[in-house]
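The first residue of the sequence shown is numbered 1, and numbering continues consecutively from there.
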Amino acid sequence: MWVPESILTVTILAGFLTQAEFIEILTRPGFLQVLFNVYQFIAMAWFIVLFTIAARISQGLSWRKAIPVAVLAVAVVGVLIVVFIR
């Protein structure tokens, strides 16, 4: 997940692309918007999978109990990102 953001940061810092141009590219309906949304969904799903595995191993939970813990943890992280970063 960090590779695309790193590439974006380099292009913005180098002056090839402004943040406003990047947002405008992604908000236009089309292939890039769909690709970006799919990328975000895959990243979120992978985040939930990793949290589930971590909860299962570290706490010794069953899969049935680890999945809600992971979903709740991802939701809390998402709220913190929205509150403190956005």
Side-chain angles (χ1 to χ4, degrees):
M1 184 164 167
W2 295 103
V3 173
E5 282 84 359
S6 299
I7 294 170
L8 171 65
T9 302
V10 169
T11 58
I12 289 174
L13 290 175
F16 298 124
L17 184 70
T18 65
Q19 188 174 8
E21 291 171 333
F22 176 72
I23 298 299
E24 194 263 320
I25 288 170
L26 292 179
T27 56
R28 267 187 275 150
F31 175 73
L32 289 177
Q33 185 182 34
V34 171
L35 183 67
F36 183 72
N37 289 337
V38 167
Y39 165 75
Q40 291 296 323
F41 178 76
I42 291 170
M44 184 183 66
W46 185 240
F47 200 35
I48 291 172
V49 166
L50 293 178
F51 264 74
T52 302
I53 294 169
R56 179 162 162 69
I57 292 172
S58 67
Q59 301 300 317
L61 299 175
S62 67
W63 287 110
R64 192 170 160 208
K65 291 181 180 179
I67 292 171
V69 169
V71 171
L72 182 62
V74 170
V76 168
V77 170
V79 167
L80 291 174
I81 288 172
V82 168
V83 169
F84 291 108
I85 296 179
R86 301 285 172 183

The side chain to side chain contact (heavy atoms under 4.5 Å, CB included) partner of Val76 among Leu80, Val74, Val79 is Leu80
To the nearest 0.5 Å, atom OG1 of Thr11 lies from atom CZ of Phe16 at 8.5 Å
What's the separation between atom CZ in Phe31 and atom CG in Leu35, rounded to the nearest 0.5 Å? 5.0 Å
Ile7 with Leu13, same ILVMFWY side-chain cluster at under 4.5 Å: no
Is there a path from Ile23 to Leu32 through hydrophobic residues (I, L, V, M, F, W, Y) whose side chains come within less than 4.5 Å of each other? yes
Taking Met44 as the starting point, is it possible to reach Val69 by hopping between hydrophobic residues whose side chains are less than 4.5 Å apart? no
Identify, with sequence neighbours excluded, every residue that meets side chain to side chain donor-acceptor pair (under 3.5 Å) alongside Arg64. none
Just list the side-chain donor-acceptor pairs under 3.5 Å for residues 45-60, sequence neighbours left out, or say none.
unit_1: Thr52; atom_1: OG1; unit_2: Ile48; atom_2: O; d: 2.7
unit_1: Arg56; atom_1: NH1; unit_2: Leu61; atom_2: O; d: 3.0
unit_1: Ser58; atom_1: OG; unit_2: Ala54; atom_2: O; d: 2.7

When hydrophobic residues are tied together by side-chain contacts of less than 4.5 Å, even through go-betweens, does Val77 share a cluster with Val71? yes
More than 12 foreign heavy atoms under 6.0 Å from CD of Gln19: is that the case here? no
Criterion side chain to side chain contact (heavy atoms under 4.5 Å, CB included) on Phe41 and Asn37, from CA distance to verdict: CA-CA 6 Å; Phe41 178 76; Asn37 289 337; over 6 Å; no
Which atom of Arg28 lies closest to which atom of Gln33, heavy atoms considered: O-CB, 3.5 Å
